[in-house]
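Have a look at the structure below before the remarks.
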Amino acid sequence: MNRPVRVRFAPSPTGPLHIGGVRTALYNYLFARQHNGTMILRIEDTDSQRFVPGAEDYINEALAWLGIGIDEGVREGGKFGPYKQSERRDIYRKHVKQLLDAGKAYIAFDTPAELEAARNASPNFQYDASTRMSMRNSLTMPAQEVKRLIDEGTPYVVRFLIEPGRDVEVNDLIRGKVVINSSILDDKVLYKSADDLPTYHLANIVDDHLMEVTHVIRGEEWLPSAPLHVLLYEAFGWRDTMPDFVHLPLLLKPDGKGKLSKRDGDRLGFPVFPLEWHDPKSGDISSGYRESGYLPEAVVNFLALLGWNPGDDTEIMSMDELISKFSLEHCSRAGAKFAFEKGKWFNHTYLQNMDDSTLAEKFKPVLREHGIDPDKYSDEFLTKVVSLVKGRINFVNDLWDQASYFFIEPEEYEAKSVKKRWTPDMPGHMEELIKVLESIDDFSSAAAEPVVIGWIEKNNLHMGNVMNAFRLTVVGKCVGPHMFDITELLGKDETIRRIKKGINNIVPVE
RNA sequence: GGCGAUUUAGUGUAGAGGCCUAGCACGCCGCCCUCUCACGGCGGAAACUCGGGUUCGAAUCCCGAAUUCGCUACCA
């Protein structure tokens, strides 16, 4: 019973991969890698109604961006293919027949309208042992009639015949034994003749068995149907190789109640998708972590800690560290509210740990977006700029807000700072400052600073006011790194030019 | 409604009978640093859902209630 570990991530291509799905994929991946096992990506496209073009590519691209590697799948191939359920019709048909022949499933002709009527007539209606004998199915109709309807092409479904009154046990690796009585289960539809496709339950069990999956790691929403799946394994006679089940806690809305949904992202201003998604039907655009400036390593780290912890206080972990530390024992059982604020902090921390030159490279496209040609600047200059302002950014894009004045001179001056610092005597002091600066040959921060400070002190000027007025002319507002680090990078000529411009353009408030 | 799961500060979590006057992180507040804003350093407010047990002793074990979440489709 010690089979090589094989896990699968099995999304439906019904839209962009949700961040909760990403976490499920991540946990599967971590588990697989830790056990030197195999990670399978299976596309569960058994709902022809909800298929969305582009969704499958999106899944592949998102997982690749995050570094969640796939060993077997539609693109990767493998010995257990095809890995797309719509290409496995023959396999499902065969297995449906097997169940039918064994009397463990039956054919039902009830139309959606008839089922709807039954539900309306009795609010607690369930297609099960208590009702199936009053419905239109192969259990209640003569065999010839059933055959005739099928031959005529009447749409039908195959339902799983569930024996009532049995306690079905599911052993969940993070929740322990979960027992559900089979009486509360309905005769689930396993196959629909209309599109010649199975439903999730049948396809899932057949594929997991055939693909030799050893651990089913999925979201908690599947826990209630796990007993049904156990029953299906039994019906096929696969009980001895049935995989272990792991139901992960759900990702919940940060505020109110319920599962995290795509709406929450727009509502609260954070992405719920790994990559930006353009809905082909509505044309709506949903923001993605990648486009919002998150680093994939930070997203992975953040997600890993939502529902799992390493058992100690470690928070910053690389993918390799996550792989070695991951354990089902340290998975939590309760749903986790999606605390995106902490996601920002992870990104901030990863950005701080990145070398300045790497960050400078990432800054280049941002500069281009703002009409600045980064090639006009040396890498050394860009790296220095980045090193000065990186402490105050959460995203690569923030670099522009923090460093734009290194590339363009101020056109406007922040009113609040002008009011506070641009006192009537300032233009005069700035004229003097220009003279002082002109006399400095070595414009480095270390050399220029003592000269200017000395001038301020010698003349008994107000340090805060003069320095901030100086800053106002150069930066446009009173924020930013050490003043002389800025002027060192800007150079003497540019610094003096900006002071002159400030003297002419800053209009005192009141 | 039924069934299942769940429950430590605002959030994510540590804790597996005495090490808990409950730890860490994010966020929040304050102080320091300081030409500004940040960063950083230091400090602070803030939690064991409730009620019964068991025990010398319970956040940790048992029972009950409540809470929240999920499922209850010819969707996954």
Side-chain angles (χ1 to χ4, degrees), chain A residues 10-14 21 44-47 49-50 108 110-112 115-116 119 123-124 126-127 155-159 170 172 175 178-181 183-186 188-195 197-201 203-204 218-227 247 249-250 252-255 257-259 302 305-316 329-330 332-346 348-349 352 389-393 402 417 420-421 449 452-453 456 462-472 475 477-484:
Chain A
S12 292
T14 54
E44 306 219 329
D45 56 344
T46 54
D47 185 356
Q49 305 296 311
R50 295 205 306 155
D110 316 275
T111 63
L115 291 171
E116 179 69 21
R119 288 190 188 103
N124 292 326
Q126 179 168 281
Y127 210 120
Y156 64 89
V157 298
V158 173
R159 284 182 181 271
V170 177
D172 183 285
R175 291 160 207 279
V178 176
V179 180
I180 293 183
N181 193 282
S183 294
I184 66 127
L185 264 21
D186 66 337
K188 272 276 174 285
V189 170
L190 301 178
Y191 169 88
K192 311 151 275 177
S193 74
D195 52 10
L197 279 169
T199 60
Y200 170 85
H201 304 288
N204 195 265
R218 66 209 330 184
E220 191 185 351
E221 69 267 31
W222 294 110
L223 191 51
S225 48
H247 292 94
L250 262 18
L252 273 18
K253 294 178 194 297
D255 55 353
K257 311 165 168 205
K259 262 204 288 191
F302 168 51
L305 255 11
L306 234 36
W308 170 82
N309 70 82
D312 57 33
D313 291 338
T314 314
E315 293 208 283
I316 300 298
E329 293 71 45
H330 278 109
S332 32
R333 285 150 308 203
K337 285 190 178 161
F338 192 75
F340 61 94
E341 277 299 330
K342 190 137 188 187
K344 279 190 201 169
W345 174 79
F346 272 104
H348 171 83
T349 303
Q352 303 318 306
V389 302
K390 70 183 232 181
R392 50 193 77 217
I393 63 165
Q402 298 301 331
S417 303
K420 185 172 180 191
R421 307 289 190 182
E449 178 171 1
V452 174
I453 299 299
I456 291 174
H462 188 285
M463 178 76 77
N465 285 347
V466 173
M467 285 303 296
N468 278 293
F470 180 19
R471 181 179 289 276
L472 195 53
V475 176
K477 51 189 171 181
C478 292
V479 297
H482 192 65
M483 195 54 207
F484 297 97

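In what follows, chains are A, B, ... by sequence order, proteins preceding strands, each numbered from 1.
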Subject >> Euclidean distance, atom CD of residue A:Glu221 to atom P of B:A73 [Å, nearest integer] >> reply: 16 Å
Subject >> B:U49: pairing nucleotide in any strand, Watson-Crick or G-U under 3.5 angstrom >> reply: B:A65
Subject >> Whole-Å P distance, B:A9 and B:U72 >> reply: 30 Å
**OP:** Would you mind pulling out the nucleotide paired to B:U13, Watson-Crick or G-U wobble, both distances under 3.5 Å?
**Re:** B:G23
**OP:** Please report the shortest heavy-atom distance between A:Glu44 and A:Ser12, naming the atom on each side.
**Re:** O-OG, 3.1 Å
Original post:
Say you pick atom C1' in B:C50 and the same atom in B:A58; how far apart are they, in whole Å?
Top reply: 16 Å
Original post:
Should we say atom NZ of A:Lys477 is surrounded by more than 12 heavy atoms from elsewhere, each under 6.0 Å from it?
Top reply: no
Original post:
Would you say a side-chain N or O of A:Arg421 is under 4.0 Å from OP1 or OP2 of B:U36?
Top reply: no
Original post:
Out of B:G12, B:U13, B:A76, which has the shortest distance to the side chain of A:Asn309?
Top reply: B:U13
**OP:** Select base, sugar-phosphate, or nothing to describe what A:Asp110 touches, counting heavy atoms under 4.0 Å on all strands.
**Re:** base
Subject >> 5'-most by nearest nucleotide on RNA chain B - A:Gly311 or A:Arg119 >> reply: A:Gly311
Original post:
Going through the checks in order, is the side chain to side chain contact (heavy atoms under 4.5 Å, CB included) test met by A:Gln402 and A:Val479?
Top reply: CA-CA 9 Å; A:Gln402 298 301 331; A:Val479 297; 5.7 Å; no
Original post:
How close do A:Arg471 and A:His482 get, heavy atom to heavy atom, and via which atoms?
Top reply: NH2-C, 4.0 Å
Subject >> C1' gap between B:A47 and B:U67, integer Å >> reply: 16 Å
**OP:** Give A:Gly219 one of three labels, base, sugar-phosphate or nothing, depending on what nucleic acid heavy atoms sit under 4.0 Å from its own.
**Re:** nothing
Original post:
Roughly how many Å is it from NZ in A:Lys390 to C1' in B:G40, rounded to a whole number?
Top reply: 14 Å
**OP:** Kindly indicate, with the supporting measurements, whether the criterion side chain to side chain contact (heavy atoms under 4.5 Å, CB included) is fulfilled by A:Arg175 and A:Leu223.
**Re:** CA-CA 10 Å; A:Arg175 291 160 207 279; A:Leu223 191 51; 3.8 Å; yes
Subject >> Atom of A:Met467, atom of A:Phe484 and distance for their closest heavy-atom approach >> reply: CE-CE1, 3.5 Å
**OP:** Identify which nucleotide among B:C26, B:A76, B:C3 has an atom closest to any side-chain atom of A:Trp345, counting heavy atoms from C-beta outward.
**Re:** B:C26
**OP:** Counting heavy atoms from C-beta on, name the nucleotide in B:G12, B:C35, B:G70 closest to the side chain of A:Met463.
**Re:** B:C35
Original post:
Applying a 3.5 Å limit to both distances, which nucleotide forms a Watson-Crick or G-U wobble pair with B:G18?
Top reply: B:C56
**OP:** Return the nucleotide paired to B:G2: Watson-Crick means purine N1 to pyrimidine N3 with N6-O4 or O6-N4, wobble means G-U with N1-O2 and O6-N3, both under 3.5 Å.
**Re:** B:C71
Original post:
Could you give the NZ-to-C1' distance, from A:Lys192 to B:C75, as a whole number of Å?
Top reply: 9 Å
Subject >> Options B:G70, B:U36, B:U11, nucleotide nearest the side-chain atoms of A:Asn468 >> reply: B:U36
Original post:
What distance, rounded to whole Å, do you find between the two C1' atoms, one in B:C61 and one in B:A16?
Top reply: 11 Å
Original post:
A:Val178 has a side chain; which of B:G4, B:C35, B:U13 sits nearest to it?
Top reply: B:G4
Original post:
Taking atom C1' of B:A38 as reference, at what distance in whole Å does atom CE of A:Met483 sit?
Top reply: 16 Å
Original post:
In whole angstrom, what separates A:His348's NE2 from B:G27's C1'?
Top reply: 14 Å
Original post:
Pick from A:Glu220, A:Arg218, A:Glu221: which one makes a side chain to side chain donor-acceptor pair (under 3.5 Å) with A:His247?
Top reply: A:Arg218
Original post:
OP1, OP2 of B:C71 versus side-chain N and O of A:Lys259: anything below 4.0 Å?
Top reply: yes
Subject >> Nearest-angstrom distance from the residue atom NE2 of A:His247 to P of B:C71 >> reply: 12 Å
**OP:** Go through B:A14, B:C74, B:G12 for me and flag the one nearest to the A:Val189 side chain.
**Re:** B:C74
Subject >> Least distance between heavy atoms, A:Leu185 atom then A:Pro227 atom >> reply: CD2-CB, 4.3 Å
Original post:
Contact class for A:His462 (heavy atom, under 4.0 Å): base, sugar-phosphate, or nothing?
Top reply: nothing
Original post:
Considering only B:G15, B:G12, B:G4, which nucleotide approaches the side chain of A:His330 most closely?
Top reply: B:G15
Subject >> Atom pair distance, as rounded to whole Å: NZ in A:Lys344 and P in B:U11 >> reply: 18 Å
**OP:** For B:U13 versus B:A46, give the span between their C1' atoms, rounded off to a whole number of Å.
**Re:** 15 Å
Original post:
5'-most contact on RNA chain B: A:Asn124 or A:Trp222, nearest heavy atom basis?
Top reply: A:Asn124
Original post:
Which nucleotide in the set B:C75, B:C35, B:C26 lies at the smallest distance from any side-chain heavy atom of A:Arg50?
Top reply: B:C75
Original post:
At their closest point, which heavy atom of A:Trp222 faces which heavy atom of A:His201, and how far apart are they?
Top reply: CZ3-CE1, 4.3 Å
Subject >> Side-chain donor/acceptor contact of A:Arg471 with base of B:U36 under 3.5 Å >> reply: yes
Original post:
Once you round it to whole Å, what is the distance between C1' of B:U60 and CZ of A:Arg333?
Top reply: 12 Å
Original post:
At under 4.0 Å between heavy atoms, what does A:Arg218 touch on the DNA or RNA strands: base, sugar-phosphate, or nothing?
Top reply: nothing
Subject >> Nucleotide of B:C74, B:A76, B:U7 approaching A:Ala334 most closely (side-chain heavy atoms) >> reply: B:U7
**OP:** Scan every strand shown for a Watson-Crick or G-U wobble partner of B:C31, both distances under 3.5 Å, and answer none if you come up empty.
**Re:** B:G41
Original post:
Hey, does A:Val179 reach any base, or is it just sugar-phosphate, or nothing, if we go heavy atoms under 4.0 Å?
Top reply: sugar-phosphate
Original post:
Within the structure shown, what part of the strands sits under 4.0 Å from A:Val157 by heavy-atom distance: base, sugar-phosphate, or nothing?
Top reply: base
Original post:
What distance, rounded to whole Å, do you find between the two C1' atoms, one in B:A76 and one in B:G15?
Top reply: 37 Å
Subject >> Touch class at under 4.0 angstrom, heavy-atom based, for A:Thr46 against every strand present >> reply: sugar-phosphate
**OP:** Using the P atom on both, measure B:G23 against B:A59 and round to a whole Å.
**Re:** 14 Å
**OP:** Can you tell me, in whole Å, how much space there is between the P of B:C74 and that of B:C69?
**Re:** 25 Å
Original post:
Can you tell me if the side-chain N/O atoms of A:Lys342 get under 4.0 Å from OP1 or OP2 in B:G12?
Top reply: no
**OP:** Assign A:Ser332 to base, sugar-phosphate, or nothing according to its heavy-atom contacts below 4.0 angstrom with the strands shown.
**Re:** sugar-phosphate
Subject >> Sugar-phosphate only, base, or nothing, as touched by A:Ile456 at under 4.0 Å among non-hydrogen atoms >> reply: nothing
Subject >> A:Lys192 atom NZ, neighbour heavy-atom count above 12 within 6.0 Å >> reply: yes
Subject >> From B:G70, B:C35, B:C74, nucleotide with atom closest to A:Pro112 side chain >> reply: B:C74
Original post:
Base, sugar-phosphate, or nothing: which does A:Pro11 touch, judged by heavy atoms less than 4.0 Å apart?
Top reply: nothing
